[in-house]
> 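Take this structure first; my questions come after.
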Amino acid sequence: MEDLSDYRKSYEKSQLLETDIPEDPINLFQRWFHETEEFGGVEEVNAMTVATIGLDGFPKSRVVLLKKFDEEGFIFYTNYNSEKGKAIINNPNICLSFFWPSMERQVIIKGTAEKTLDTVSDNYFNSRPDGSKLGAIVSAQSDVIPSREFLDDKLKALEKEYDGKEIPRPSYWGGFIVKPIEVQFWQGRANRLHDRIRYQLQDDFNWKIERLSP
Ligand SMILES: Cc1cc2nc3c(=O)[nH]c(=O)nc-3n(C[C@H](O)[C@H](O)[C@H](O)COP(=O)(O)O)c2cc1C
């Protein structure tokens with residue numbers, strides 16, 4: 001038995017007060033994102049956990065990389081036939097979360113996901129290095145495979161096939177854009193009395209802002 005009860009840390013880096021927040025959560029997300037980048041200590045600030053409801057009814061989460069965000073939503077790229085891809089197509093209600101320990105911050109975003117336009121996926125796919133493009137073709141993500149060699153052999157064969165040629169985006173690979181309906185900001189504070197501010201979308205433009213008990 002590993003006893004972890006002595007793991008204890010006081011959070012004292014910052015605070016989140018109503019007097020200092022914008023009306024729109026995307027602005028606050030942007031502020032926190034850049035503050036975390038500037039503060040340092042988080043290698044991939046854009047790494048986020050994506051939780052989906054699986055075809056089996058169980059929630060499941062995994063890390064992916066956020067590649068773009070703006071008023072329209074949050075975009076990440078994946079294989080549409082992967083376990084998460086199939087889950088999202090079956091149930092587009094998903095949750096994204098970020099933990100930025102250097103700033104003692106967490107952001108939790110509830111929203112609905114939909115495939116990005118083909119042009120958006122094409123532009124991003126075409127910006128990737130050839131190795132990543134071929135990787136996307138090689139990997140039938142989340143399928144069972146016989147061995148590591150199976151992947152390496154497939155990659156070698158594709159490297160030959162596409163030598164000097166343009167590598168097209170496979171139709172089963174692309175982006176999802178997550179349109180937020182709720183965004184919660186968590187700032188660690190002393191004595192476990194953390195700041196939690198929740199934004200809930202009321203209509204197309206207006207967000208209700210409330211403070212939650214820690
Ligand atoms: C730091 C990090 C970044 C990742 N980025 C992505 C990503 O952008 N897209 C992706 O499909 N998987 C990414 N993965 C892999 C996923 O966590 C996951 O293993 C994969 O997408 C298959 O998930 P699924 O079987 O639940 O569909 C990343 C993993 C880590 C640890």
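Owing to the predicted nature of the structure, the values given are computational and were not obtained by experimental measurement. Each ligand, and each atom within it, is numbered from 1 in the order the structure gives. For reference, positions follow the sequence shown, starting with 1.
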> Could you pull out, from V64, N81, L66, the option with a heavy atom nearest to atom 5 (N) of ligand 1?
V64
> Which residue owns the protein heavy atom closest to atom 21 (O) of ligand 1, what's the atom, and how far is it?
K84 NZ, 2.6 Å
> To check your reading of the model: name the closest protein heavy atom to atom 26 (O) of ligand 1, its residue, and the distance in Å.
R62 NE, 2.7 Å
> Give a yes or no on whether a salt bridge exists between E104 and K9, defined as a side-chain N under 4.0 angstrom from a carboxylate O.
yes
> In terms of hydrophobic clustering (I, L, V, M, F, W, Y; side-chain heavy atoms under 4.5 Å; direct or indirect links), are L28 and I109 co-clustered?
yes
> Can you confirm whether something in the protein, heavy atoms only, sits under 4.0 Å from atom 19 (O) of ligand 1?
no
> Write out the residue and atom name of the closest protein heavy atom to atom 29 (C) of ligand 1, then the distance separating them to 0.1 Å.
V63 O, 3.3 Å
> Do N206 and D203 pair up side chain to side chain, a donor and an acceptor below 3.5 Å, judged on atom types alone?
yes
> Just let me know how F76 lines up against ligand 1, side chain, backbone, both or neither, with a heavy-atom cut-off below 4.0 Å.
neither
> Is it the side chain, the backbone, both or neither of K67 that has a heavy atom closer than 4.0 Å to ligand 1?
neither
> Testing the 3.5 Å rule here: is there a donor-acceptor pair between the side chains of R105 and Q187?
yes
> Which heavy atom of the protein is the closest neighbour of atom 8 (O) of ligand 1, given with residue, atom name and distance?
L65 N, 3.1 Å
> Which residue and non-hydrogen atom of the protein lie closest to atom 1 (C) of ligand 1, and at what distance in Å?
E44 OE1, 3.5 Å
> Sort and list the pairs that fulfil ring pair (Phe, Tyr, Trp, His ring centres under 6.0 Å) and have at least one residue in residues 125-173, not counting sequence neighbours.
Y77-W173, F125-W173
> Determine whether the aromatic ring centres of W100 and F185 lie less than 6.0 Å apart.
no
> What protein heavy atom lies closest to atom 24 (P) of ligand 1? Include the residue and the distance to one decimal.
S142 OG, 3.5 Å
> So, R189 and E12, do they make that salt bridge, N to O below 4.0 Å?
no
> Look at atom 11 (O) of ligand 1 and say which protein heavy atom is nearest, naming residue and atom and giving the distance to 0.1 Å.
T78 OG1, 2.6 Å
> Among protein heavy atoms, which lies nearest atom 9 (N) of ligand 1, and at what distance?
Y77 O, 2.9 Å
> Could you tell me which atoms of ligand 1, counted from 1 in the order shown, lie closer than 4.0 angstrom to a heavy atom of E83?
24 (P), 25 (O), 27 (O)
> Measuring only between side-chain heavy atoms, which start at C-beta, is F176 closer than 4.5 Å to T116?
no
> Tell me which pairs pass salt bridge (Lys or Arg N to Asp or Glu O under 4.0 Å) where either residue lies in residues 129-148, with sequence neighbours left out.
D130-K133, R148-D152
